[in-house]
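Below: one structure, written as structure tokens.
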Amino acid sequence: MAQIEKQMILIVDDTPENIDVLDGILRANYRIKAALDGESALKIALGKQPPDLILLDVMMPGMNGYDVCRSLKENTASQSIPVIFVTAKKQVEDETLGFELGAVDYITKPVEPAVVKARVRTHIELKRHRDHMETLAQTRAQQLIHAERLSTMGLLSAGLAHEINNPLTYIHSYAEYVRDDLEALQAEFNGILNPSESTKESVDSRFLDCKESIAEIIRGSQRIMSLVENMKHLSRADDQSRGRVDIVQCIENAMKLCQFDLKLIQVTLDRDDVLPDIMGNRQQIEQVLINLIKNAVDAMENDPSAALILTAKMDEKSVRITVADNGPGIPEDKLSSIWEAFYTTKTDEKGTGLGLSISKGIIEDHGGSIRGSNITPHGASFTIELPPADALDFVQEI
């Protein structure tokens, strides 16, 4: 097991004997550095390995302790290092000046070992917690910025969907017009010109090629229009309405929106022929399914045998939807942590750690449950259970 490195204490005093006393009190628990003047102390504090705490004498020739403390607190690189004055000065105004300059405590000379140990331990611990909270705050800020960026992208996708939809509608409509005109032209050609059999076969073949190409254009535009419609629906952030939701439609829409991610993955959909509606918000349910599908895809990244299985079944009391993959699975000690906000094993570019936390909230808000587990021999499975709409209606009537 790796040994935890001790915190570093910088002792600043122009009298070597005073440094030796403090060193003897603290060396067993801390790493010690020493400086005999203020200028040397500042160089150490601003060096590559700054101390975790400074014990600073006030009365020193040249640059005194107050000047050193003032310089430390004016520099962003050293202002977070706690400073404890060690001095024979006991006047209230002296202590007041020290606190105004940014010192965290005073120890009076001659020092008491128990007092020194207690004061140092307290302020080292406070600094450790403060550093942890600052790191945590910076991490959270970056995650929120990334989440906001994703939200902005969602809003942009709504506008992009609108811009795509307009010209796409024209493409689809005119392709249908051309198809109908070709059929009419083919009939007129055969009826008016009365071509030879060989000519008729050649012309019919060309007409057929044209119609098949147009049919592909129509099918492709219909697919894009369906995708755009789903994007528009998913990006309606203000849509909080609830009603009967076709869970089969939700699954199909989620798979369409993830079709680019799923193109290299073997996908199996196993569902009952008929599934009851649920009561809720279609947009939110689709968001949960998309989150689970994308998480599964990310878990199987670069796996040539990647496989995804979606099941949707009705049991005695609920509609059960399962998203399972054959990826590496989830570490057993992390199974409970995956639902925490901002917890993620992904890089910043791929995840914010919000997906599963939000998904859990959505499902529970719909009166359901969601759980994750590992699959033998490898893989992960997420199961959603939601009450049928009719069951909720029955409960409300009672």
side-chain contact (heavy atoms from CB on, under 4.5 Å) partners of [X], counting only residues at least two apart:
X      : value
Asp270 : Thr311, Lys313
Ser305 : Asp303, Asn326
Glu216 : Arg219

Tell me every residue that passes side-chain hydrogen bond (donor to acceptor under 3.5 Å, both in side chains) with [X], counting only those two or more places apart in sequence or in another chain.
X      : value
Asp23  : Arg27
Gln266 : none
Asp20  : none
Asp180 : none

Fill in: Flag for Thr322-Thr383: side-chain donor and acceptor within less than 3.5 Å
yes

Discussion item. Is it true that Asn75 and Ser78 share a donor-acceptor pair across their side chains at a distance under 3.5 Å?
Written reply: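 Side-chain D/A pair, Ser78 to Asn75: absent.
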
Item to complete: State, with a plain yes or no, whether a side-chain heavy atom of Pro61 is found less than 4.5 Å away from one of Asp14.
Response: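 Yes, at least one pair of side-chain atoms sits under 4.5 Å.
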
Item to complete: Could you check if a side-chain atom of Ser359 sits within less than 4.5 angstrom of a side-chain atom of Gln287, using non-hydrogen atoms only?
Response: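 A side-chain contact is absent here, since even the closest heavy-atom pair is not under 4.5 Å.
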
Single-linkage hydrophobic cluster [X]~[Y], side-chain heavy atoms < 4.5 angstrom:
X      : Y      : answer
Tyr30  : Val104 : yes
Ile44  : Met60  : yes
Val120 : Leu10  : no
Leu42  : Leu36  : no

SB check [X] [Y] (cutoff 4.0 Å):
X      : Y      : result
Glu385 : Lys317 : no
Arg282 : Glu286 : yes
Asp390 : Arg244 : yes

Worksheet item: Is Lys360 atom NZ crowded by more than 12 heavy atoms from other residues, nucleotides or ligands, each under 6.0 Å away?
Response: no

Practice prompt. Determine whether more than 12 heavy atoms belonging to other residues, nucleotides or ligands lie under 6.0 Å from atom CD of Glu112.
Written response: no

Worksheet item: Distance-only, no hydrogens or angles: does the Lys6 side chain make a donor-acceptor pair with backbone N or O of Ile32 under 3.5 Å?
Response: no

Worksheet item: Can you list every pair that meets salt bridge (Lys or Arg N to Asp or Glu O under 4.0 Å) and has a residue in residues 39-60, with sequence neighbours left out?
Response: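 For residues 39-60, and leaving out neighbouring residues, the salt bridge (Lys or Arg N to Asp or Glu O under 4.0 Å) pairs sorted by first residue read Asp57-Lys109.
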
Fill in: salt bridge (Lys or Arg N to Asp or Glu O under 4.0 Å) contacts in which one or both residues fall within residues 61-70, not counting sequence neighbours
Asp67-Arg70

Check: residues 123-133 side-chain donor-acceptor pairs under 3.5 Å, at least two apart:
| from | atom 1 | to | atom 2 | distance (Å) |
| --- | --- | --- | --- | --- |
| His123 | NE2 | Asp105 | OD2 | 3.0 |
| Glu125 | OE2 | Arg128 | NH2 | 2.6 |
| Glu125 | OE2 | His129 | NE2 | 3.1 |
| Lys127 | NZ | Asp131 | OD2 | 2.7 |
| Arg130 | NH2 | Ser80 | O | 3.2 |

Which heavy atom in [X] sits nearest to a heavy atom in [Y], and how many Å separate them?
X      : Y      : answer
Ile19  : Asp13  : CD1-O, 3.4 Å
Gln49  : Lys33  : O-NZ, 4.3 Å
Ile375 : Asp325 : CD1-O, 3.8 Å

Item to complete: Using the ring-ring contact (aromatic ring centres under 6.0 Å, His included) rule, collect all pairs that involve residues 300-320, keeping only residues at least two apart or in two chains.
Response: none

Worksheet item: For residues 60-96, which residue pairs qualify under ring-ring contact (aromatic ring centres under 6.0 Å, His included), counting only residues two or more places apart or in two chains?
Response: Tyr66-Phe85, Phe85-Tyr106

